[in-house]
Asks: 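Encoded as structure tokens, here's the structure I'll be asking about.
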Amino acid sequence: CDTGSKTQTVSKFQKERKAVVCSENTTLVTGKGIEITVGDYKYVKKLLNPEAKKFFASHPENLLERMINRRLVIRYVEDSGIAEKYGLNEKMEEFKKEYLSRYYVSNEAGKRAKTVKEEDIVKRFKELFPDKDPSKMTEADKKFIRNELRVKLYDRAVEEIYDEVRKKLQFKKNGRMLIASCCGIELKAPINKDEKEAKEKLTKKFLTEYFYRKAVENGYDRNPEFQRTFTEYFATKAIDIFRKELKKGIKVSDEEIKEFYDKNKDKFLMPEKAQAVALYFNSKDRAMEAKKELSSSPWEKVARRFGRFNAKPKYYYNDPKDPIGTLIFMSGNKENTIVADLGENRFVVIKILKIVPQKQITLAEAKNYIKLRLSRRKLREKEKEFLKELKEKYHVKVQRENLNCIL
């Protein structure tokens with residue numbers, strides 16, 4: 001959802017600063033069925049890409065606003081019945097089982113995997129480099145081999161864990177139903193066509209269920225890291241269906257489309273462009289030879305002659321970000337073949353095939369784009385207004401005295 005206003009600054013929060021002892025459990029936001037802690041905030045911040053991290057480091061209130069909006073959407077889709085309508089709860093239960101099942105097996109494999117010994121590294125080095133002296137192995141070689149062996153030992157431990165349960169599994173048929181049982185668990189699945197395929201699918205499902213239950217027995221479902229992962233995944237799915245519901249009431253009329261087009265007609269211009277083929281060389285002599293041949297032979301034949309089999313026509317624009325296009329339009333298009341020195345012994349031969357002049361995009365051509373743009377604008381406005389109503393409904397309150405914990 002919308003990250004919120006981006007006009008505020010950290011100084012707004014600095015005014016609220018008080019002596020607060022900060023911890024992972026320090027509350028930042030409360031509401032009906034809503035709580036955001038410092039730990040939650042740090043977890044979400046950790047998920048951001050570098051560019052977003054840089055922005056939110058100076059605008060923590062925007063990230064907190066984004067988190068509030070996501071939690072509000074979760075509450076709304078659950079309380080309104082939308083989650084049930086789209087089968088979201090079932091999908092989240094499936095995600096939970098698969099995640100915790102893998103998490104349990106991963107932990108167990110980490111405990112079981114044997115330690116990589118020096119003699120194991122030497123043995124593997126000899127396998128990889130039979131003609132080299134192991135005593136002259138570099139630290140980089142050791143690190144690479146140690147990591148490789150760790151992965152193999154871990155993978156072997158994972159397979160052993162799964163195999164232990166597979167060996168205990170018992171199957172029986174009841175009509176067109178296949179039943180798998182072991183360790184107090186029984187699961188069923190229909191045999192549609194291939195019994196072997198049904199058995200494989202049921203085995204996979206059983207393993208997930210078995211290790212999920214093991215994870216719950218060990219309290220992994222109460223792990224804060226898992227709960228935060230679950231919440232963020234839930235929020236992403238919830239936002240998708242939330243917006244689907246909001247879109248249903250959004251309409252864009254032909255009058256609105258025409259009004260937008262008329263007001264922005266100068267922006268609906270297709271810039272001048274050139275269709276050309278670019279051939280790259282590491283020798284100026286070869287480039288000049290190719291240029292000479294292009295004056296009398298089709299570019300396809302020349303490209304094959306010089307081994308440029310991947311060459312194909314492309315459209316280029318007079319744009320600083322488009323170096324080939326810049327070279328074409330700087331030439332004035334008087335010559336249909338250009339040779340340019342790109343530096344570092346790299347040369348390009350450009351064969352201009354045609355120039356397409358600038359043209360006005362018609363209303364009919366732009367209609368779908370404008371409709372999509374106006375729909376998105378209306379959706380943002382509707383979403384913003386709806387979130388405002390949800391804040392009041394769920395009594396959302398920011399604990400300003402604790403905001404210094406995220407600065």
Side-chain angles (χ1 to χ4, degrees), residues 33 35 39-40 43 47 71 74-75 77-115 150-241:
E35 182 185 37
D40 297 333
Y43 173 78
L47 299 177
R71 300 297 178 89
I74 290 175
R75 290 271 62 81
V77 298
E78 285 187 321
D79 295 349
S80 65
I82 295 175
E84 185 177 352
K85 174 183 174 181
Y86 284 87
L88 182 57
N89 293 330
E90 289 81 0
K91 290 176 185 175
M92 292 308 303
E93 186 66 18
E94 185 179 337
F95 167 80
K96 181 179 180 180
K97 287 188 175 185
E98 289 180 354
Y99 182 98
L100 288 175
S101 173
R102 289 195 300 269
Y103 185 76
Y104 176 84
V105 172
S106 177
N107 272 5
E108 288 300 303
K111 294 173 187 176
R112 292 192 189 190
K114 296 177 181 178
T115 304
R150 279 176 180 167
V151 171
K152 286 183 178 178
L153 290 169
Y154 170 82
D155 289 344
R156 193 177 302 158
V158 168
E159 277 308 303
E160 287 174 359
I161 292 168
Y162 282 123
D163 282 342
E164 288 170 6
V165 181
R166 284 192 190 103
K167 289 174 183 177
K168 297 176 184 177
L169 258 180
Q170 294 183 343
F171 293 91
K172 64 180 180 181
K173 289 199 305 181
N174 185 0
R176 296 302 297 170
M177 293 297 293
L178 185 64
I179 303 169
S181 60
C182 165
C183 320
I185 303 172
E186 185 176 279
L187 296 181
K188 301 178 182 180
I191 304 172
N192 295 322
K193 293 181 180 179
D194 189 338
E195 185 176 332
K196 183 180 177 181
E197 183 181 344
K199 187 175 180 180
E200 288 175 355
K201 288 182 178 179
L202 187 55
T203 299
K204 184 178 178 182
K205 185 178 179 182
F206 189 95
L207 291 172
T208 298
E209 181 67 27
Y210 176 83
F211 289 114
Y212 162 68
R213 295 191 187 191
K214 284 290 184 183
V216 173
E217 285 175 17
N218 285 269
Y220 293 160
D221 57 324
R222 299 190 297 276
N223 181 291
E225 192 82 358
F226 163 70
Q227 291 179 346
R228 287 167 185 146
T229 300
F230 184 86
T231 297
E232 286 307 305
Y233 186 77
F234 194 172
T236 300
K237 297 295 181 183
I239 288 167
D240 286 343
I241 63 175

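For clarity, every value in this text was computed on a predicted model and none was experimentally measured.
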Asks: Kindly write out the residues that satisfy side chain to side chain donor-acceptor pair (under 3.5 Å) with Thr231, not counting sequence neighbours, or none if the list is empty.
Replies: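 Listed in chain order: nothing, the list is empty.
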Asks: Are Arg156 and Leu153 close enough that some pair of their side-chain heavy atoms sits under 4.5 Å apart?
Replies: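 Yes, their side chains come closer than 4.5 Å.
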Asks: How long is the gap from CG on Leu88 to CD1 on Ile241, to the nearest 0.5 Å?
Replies: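 Answer for the CG-CD1 pair, Leu88 versus Ile241, is 4.5 Å.
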Asks: Does a side-chain heavy-atom distance below 4.5 Å link Asn192 with Lys201?
Replies: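 Not in contact.
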Asks: Could you tell me which residues satisfy salt bridge (charged side-chain N to carboxylate O under 4.0 Å, His left out) with Glu98, sequence neighbours excluded, listed by chain and number?
Replies: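 For Glu98 there are no salt bridge (charged side-chain N to carboxylate O under 4.0 Å, His left out) partners, ignoring immediate neighbours.
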Asks: Apply side chain to side chain contact (heavy atoms under 4.5 Å, CB included) to Val216 and list each qualifying residue two or more places apart in sequence or on a separate chain.
Replies: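 So Val216 forms a side chain to side chain contact (heavy atoms under 4.5 Å, CB included) with Tyr212, Asp221.
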Asks: Among Asn89, Ile239, Ile82, find the residue that satisfies the side chain to side chain contact (heavy atoms under 4.5 Å, CB included) test when tested with Val77.
Replies: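 Among Asn89, Ile239, Ile82, the one that satisfies the side chain to side chain contact (heavy atoms under 4.5 Å, CB included) with Val77 is Ile82.
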Asks: Applying salt bridge (charged side-chain N to carboxylate O under 4.0 Å, His left out), which residue pairs with at least one partner in residues 168-186 are found, sequence neighbours left out?
Replies: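 For residues 168-186, and leaving out neighbouring residues, the salt bridge (charged side-chain N to carboxylate O under 4.0 Å, His left out) pairs sorted by first residue read Lys173-Glu195.
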Asks: Among residues two or more places apart or on two chains, list those pairs meeting salt bridge (charged side-chain N to carboxylate O under 4.0 Å, His left out) that have a residue in residues 79-93.
Replies: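 Sorted pair list: Lys85-Glu245.
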Asks: Please name all residues satisfying side chain to side chain donor-acceptor pair (under 3.5 Å) with Lys237, sequence neighbours left out, ordered by chain then number.
Replies: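 Lys237 satisfies side chain to side chain donor-acceptor pair (under 3.5 Å) with no other residue.
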Asks: What is the minimum heavy-atom distance between Ala157 and Ala109, and which atoms define it?
Replies: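 Heavy-atom minimum between the residues: CB-O, 3.8 Å.
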Asks: Quick one: which residue pairs count as a salt bridge (charged side-chain N to carboxylate O under 4.0 Å, His left out) with a foot in residues 104-114, not counting sequence neighbours?
Replies: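 Output for this query lists Glu108-Lys111, Arg112-Glu164.
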Asks: Can you tell me how far the OH atom of Tyr162 sits from the NZ atom of Lys204, to the nearest 0.5 Å?
Replies: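 Here the rounded value is 9.5 Å.
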Asks: Do Leu100 and Phe230 have side-chain heavy atoms sitting under 4.5 Å apart?
Replies: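 Side chain of Leu100 against side chain of Phe230, heavy atoms only: no contact under 4.5 Å found.
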Asks: Could you check whether Glu232 pairs with Arg228 (Lys NZ or Arg NE/NH1/NH2 to Asp/Glu carboxylate O, under 4.0 Å)?
Replies: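 Salt bridge between Glu232 and Arg228, a charged N being under 4.0 Å from a carboxylate O: no.
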Asks: Apply side chain to side chain contact (heavy atoms under 4.5 Å, CB included) to Glu200 and list each qualifying residue two or more places apart in sequence or on a separate chain.
Replies: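 For Glu200 the side chain to side chain contact (heavy atoms under 4.5 Å, CB included) partners, ignoring immediate neighbours, are Lys196.
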Asks: Between CG of Leu178 and CD of Glu197, what distance do you get to the nearest 0.5 Å?
Replies: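 Rounded to the nearest 0.5 Å, the CG-CD separation comes to 12.0 Å.
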Asks: Rounded at 0.5 Å granularity, tell me how far CD1 in Ile191 sits from CG in Asn174.
Replies: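 Answer rounded to 0.5 Å: 9.5 Å.
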Asks: How long is the gap from OH on Tyr220 to CZ on Phe211, to the nearest 0.5 Å?
Replies: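 Separation between the atoms: 12.0 Å.
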Asks: Please lay out, stage by stage, how Arg213 and Glu217 fare under the test salt bridge (Lys or Arg N to Asp or Glu O under 4.0 Å).
Replies: CA-CA 6 Å; Arg213 295 191 187 191; Glu217 285 175 17; over 6 Å; no
Asks: Does Asp163 have any salt bridge (charged side-chain N to carboxylate O under 4.0 Å, His left out) partners at least two apart in sequence or in another chain, and if so, which?
Replies: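 Asp163: salt bridge (charged side-chain N to carboxylate O under 4.0 Å, His left out) contacts with Arg166.
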Asks: Measure across Leu202 and Phe171 and return the closest heavy-atom pair with its distance rounded to 0.1 Å.
Replies: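 That would be CD2-CE2, 4.3 Å.
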Asks: If the condition is side chain to side chain donor-acceptor pair (under 3.5 Å), which residues does Ser106 pass it with, not counting sequence neighbours?
Replies: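 Per chain and number, Ser106 pairs via side chain to side chain donor-acceptor pair (under 3.5 Å) with Tyr154.
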Asks: Enter the distance from Ile185:CD1 to Phe206:CZ here, rounded to the nearest 0.5 Å.
Replies: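 Reported to 0.5 Å precision, the distance equals 4.5 Å.
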Asks: Before you tell me yes or no, could you show the steps for Tyr103 and Phe226 under ring-ring contact (aromatic ring centres under 6.0 Å, His included), namely the whole-Å CA-CA distance, both residues' side-chain angles and the distance that decides it to 0.1 Å?
Replies: CA-CA 10 Å; Tyr103 185 76; Phe226 163 70; 8.1 Å; no
Asks: Partners of Glu35 by salt bridge (charged side-chain N to carboxylate O under 4.0 Å, His left out), sequence neighbours excluded?
Replies: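 Per chain and number, Glu35 pairs via salt bridge (charged side-chain N to carboxylate O under 4.0 Å, His left out) with no residue.
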Asks: Closest heavy-atom contact between Ala198 and Pro190?
Replies: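 Between these two residues, the closest heavy atoms are CB-O, 4.1 Å.
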Asks: Tell me, with the steps shown, if Lys214 and Val165 meet side-chain contact (heavy atoms from CB on, under 4.5 Å).
Replies: CA-CA 12 Å; Lys214 284 290 184 183; Val165 181; over 6 Å; no
Asks: Are the side chain of Asn223 and the backbone N or O of Gly219 linked by a donor-acceptor pair below 3.5 Å?
Replies: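 The answer is no, because no donor-acceptor pair under 3.5 Å joins these two groups.
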Asks: Kindly write out the residues that satisfy salt bridge (charged side-chain N to carboxylate O under 4.0 Å, His left out) with Lys188, not counting sequence neighbours, or none if the list is empty.
Replies: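 Checked Lys188 against salt bridge (charged side-chain N to carboxylate O under 4.0 Å, His left out); zero matches.
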